Amino acid sequence: MTEELFYEYILAGWLVTAGAVFILLLFVKAPYGRHFSNRWGPTIDNRLGWLLMEAVSVLVFTVCFFTGPNSGIVFTIFFLTWQVHYIHRAFIYPFSLKNNYLRMPLAVTGMGIIFNTVNSYLNGRYLFNFSTVYDIDWLSEPRFIIGLSLFGAGFAINRLADSALVKLRNGDNTGYHIPRGGLFSLVSCPNYLGEIIIWTGWAVATWSLPGLAFAVWTAANLAPRAIAHHRWYRKTFPEYPLERKALIPYIW
Ligand SMILES: NC(=O)c1ccc[n+]([C@@H]2O[C@H](COP(=O)([O-])OP(=O)(O)OC[C@H]3O[C@@H](n4cnc5c(N)ncnc54)[C@H](OP(=O)(O)O)[C@@H]3O)[C@@H](O)[C@H]2O)c1
């Protein structure tokens, strides 16, 4: 079998799996953070778990970048855009967390590693090996400009929300609290909203099936988790703002 054919099978399977994962996650909460459960077997330090899962994306994408035949300014921009996100997520974000007592099931780390390996391979190999459209003209292509702008906006929303959550635990202020201000006045999970915007922007900027698959997977992962967080907030805090939605301002 050629690599192209192998790639197409994986990509098709990947898109179908995203739908299945979405349905599954409506019934099963991914067991980390506030939804941690020790029924999922052996555990690992939470920060190490995050680092291992996300470092895979840095590594696989870098290998694809340096081994693929495609090169030029547009490819370099895609490479740097991806790495800005993933270097932060793998090597900075875990060490900013204020939950150093926390564990994560090894099963979650393992699934994260598998997801990030396949996803980075599909995106990296397509861009740097199989794609044929990203010449210098792509720089002035509206899809590229709109997509990168969405990516930047999503990144800012995600980072601001994550750091606001982390700051809720400064000093002796441990446990969970109602986040307030900014997009938290509209939705329970602006960090997830930002993440979905990031990878939607990526899908638009690359205008590619693997980019679309990543955006679909992100929504499939995070929309059910936003519902679970939202319900948890409402159950845990009787004074939780009634007008706040789960993920999409004013709508849902
Ligand atoms: N692309 C994808 O498919 C994907 C999948 C998963 C996650 N992510 C991204 O990874 C990042 C982390 O995800 P996550 O699921 O861990 O997010 P999260 O549940 O919102 O938690 C983020 C951090 O804030 C803390 N925290 C959350 N709410 C809090 C509150 N009300 N009071 C005090 N502390 C609070 C959490 O502590 P605890 O850990 O102790 O709960 C955790 O350290 C997000 O940016 C998310 O978008 C992306």
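Owing to the predicted nature of the structure, the values given are computational and were not obtained by experimental measurement. Indexing begins at 1, ligand by ligand and atom by atom, following the structure's order.
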Six-ring centre of [Y], [X] cation under 6.0 angstrom, axis tolerance 45°:
X    : Y    : value
R169 : Y176 : yes
R225 : Y32  : yes
R34  : Y233 : yes

Hey, which atoms in ligand 1 end up nearer than 4.0 Å to a heavy atom of [X]?
X    : answer
R225 : 15 (O)
R34  : 27 (C), 28 (N), 29 (C), 41 (O)
H177 : 30 (C), 31 (N), 32 (N)
L165 : 20 (O), 24 (O), 27 (C), 28 (N), 29 (C), 34 (N)
H229 : 18 (P), 19 (O), 20 (O)
L102 : 39 (O), 40 (O)

Could you establish whether [X] and ligand 1 come within less than 4.0 Å of each other, counting only heavy atoms on the residue side?
X    : result
G112 : no
W50  : yes
Y233 : yes

Under 4.5 Å between any side-chain heavy atoms of [X] and [Y], yes or no?
X    : Y    : result
H88  : S96  : no
F151 : W199 : yes
N116 : E54  : yes
M104 : W50  : yes

How far is [atom] from its nearest protein heavy atom, and which residue and atom is that?
atom                    : result
atom 5 (C) of ligand 1  : L222 CD2, 3.6 Å
atom 14 (P) of ligand 1 : Y192 OH, 3.5 Å
atom 47 (O) of ligand 1 : E195 OE1, 2.8 Å
atom 39 (O) of ligand 1 : N99 ND2, 2.9 Å
atom 44 (C) of ligand 1 : D162 OD2, 3.3 Å
atom 6 (C) of ligand 1  : Y32 OH, 3.4 Å
atom 20 (O) of ligand 1 : N191 ND2, 2.9 Å
atom 41 (O) of ligand 1 : Y176 OH, 2.5 Å

Between [X] and ligand 1, which residue portion shows a heavy-atom distance shorter than 4.0 Å: side chain, backbone, both, or neither?
X    : value
I178 : neither
L97  : side chain
N221 : side chain

Side-chain donor-acceptor pair present, N191, N158, cut-off under 3.5 Å: no

Answer with yes or no whether the side chains of Y240 and S188 bring together a donor and an acceptor at under 3.5 Å. yes

So with a 6.0 Å cut-off around CZ of F95, is the heavy-atom count from everything else above 12? yes

Decide, yes or no, whether a salt bridge links E195 with R89 under the criterion of side-chain N to carboxylate O below 4.0 Å. yes

May I ask you to check whether [X] has an N/O atom sitting below 3.5 Å from an N/O atom of ligand 1?
X    : value
W199 : no
R89  : yes
N46  : no

Which of T43, N46, N38, D45 passes side chain to side chain donor-acceptor pair (under 3.5 Å) with R103? Answer is T43

Could you pull out, from G175, A228, P190, the option with a heavy atom nearest to atom 33 (C) of ligand 1? G175

Output yes when a side-chain donor or acceptor of W82 lies under 3.5 Å from a complementary backbone atom of S57, and no otherwise. yes

The complete set of side-chain hydrogen bond (donor to acceptor under 3.5 Å, both in side chains) pairs with one or both residues in residues 1-20, sequence neighbours excluded, reads E3-Y121, E3-R125

